[in-house]
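Single-structure report; data block below.
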Amino acid sequence: MELKRAQPITARELGGIFNVSANAVRRHLKELEADGLVTYTREQRGSGAPTYAYRLSASGEGLFPTQYSKALFDVLTYVAAHEGREMVRELFAEQ
């Protein structure tokens with residue numbers, strides 16, 4: 001879940017969140033990578049050696065449900081019922 005919230009994120013940053021060593025985190029990330037759920041890239045963050053930043057792969061992202069279209073439909077239906085269809089039109093016009 002932390003990887004989903006803060007991507008890209010380093011093993012050191014994840015270790016700080018969970019209060020474990022970066023090496024312990026890397027071991028788990030390696031398993032997730034082998035399963036095709038995590039990818040990484042080398043990033044230059046400040047001076048010094050590049051670091052590996054991890055993020056969810058498309059398969060990893062697919063594990064998290066997305067109901068955005070249903071939620072948006074429900075909100076717009078609520079607004080239309082309580083404020084009128086014109087309010088919905090105004091919302092879209094502003095966006």
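Please read all numbers here as calculations on a predicted model, not as lab measurements. Only heavy atoms go into these numbers, but all of them, side chains included; no hydrogens, no water, no symmetry mates.
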Using distance only, find each side-chain donor-acceptor pair of residues 27-36 under 3.5 Å and give its atom names and separation, not counting sequence neighbours.
none

* Asked: Would Phe73 and Val79 show up in the same hydrophobic cluster when neighbours are defined by side-chain heavy atoms closer than 4.5 Å?
  ->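 No.
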* Give, for atom CG of Leu76 and atom CE of Met87, the distance between the pair rounded to the nearest 0.5 Å. => 12.0 Å
* Structure fact -> Separation between CG (Leu63) and OG (Ser57), nearest 0.5 Å, reads 8.0 Å
* Answer yes when Arg55 and Glu43 have at least one side-chain N-carboxylate O distance shorter than 4.0 Å, and no when they do not. => yes
* To do: Can you establish whether the number of heavy atoms outside Tyr68 located under 6.0 Å from its atom OH is more than 12?
  =>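 No, OH of Tyr68 has 12 or fewer neighbouring heavy atoms, counting only those of other groups under 6.0 Å.
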* To do: Using a cut-off of 6.0 Å, state whether more than 12 heavy atoms not belonging to Arg89 lie near its atom CZ.
  =>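 Yes, enclosed.
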* Not counting sequence neighbours, which residues clear ring-ring contact (aromatic ring centres under 6.0 Å, His included) with Tyr78? List them please. =>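 With neighbours one apart ignored, the set is His82.
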* Asked: Which word best sums up how the rings of Tyr52 and Tyr40 line up, parallel for under 30°, tilted for 30 to 60°, or perpendicular for over 60°?
  -> perpendicular
Show me the donor-acceptor pairs within less than 3.5 Å that the side chains of residues 1-15 make with the rest of the protein, sequence neighbours left out.
| residue | atom | partner | partner atom | Å |
| --- | --- | --- | --- | --- |
| Glu2 | OE2 | Arg5 | NH1 | 2.8 |
| Lys4 | NZ | Glu61 | OE1 | 2.5 |
| Gln7 | OE1 | Leu56 | N | 2.8 |
| Gln7 | NE2 | Glu61 | OE2 | 2.7 |
| Thr10 | OG1 | Glu13 | N | 3.0 |
| Thr10 | OG1 | Glu13 | OE1 | 3.3 |
| Glu13 | OE1 | Thr10 | N | 2.9 |
| Glu13 | OE1 | Arg45 | NH1 | 3.4 |
| Glu13 | OE2 | Arg45 | NH1 | 3.1 |

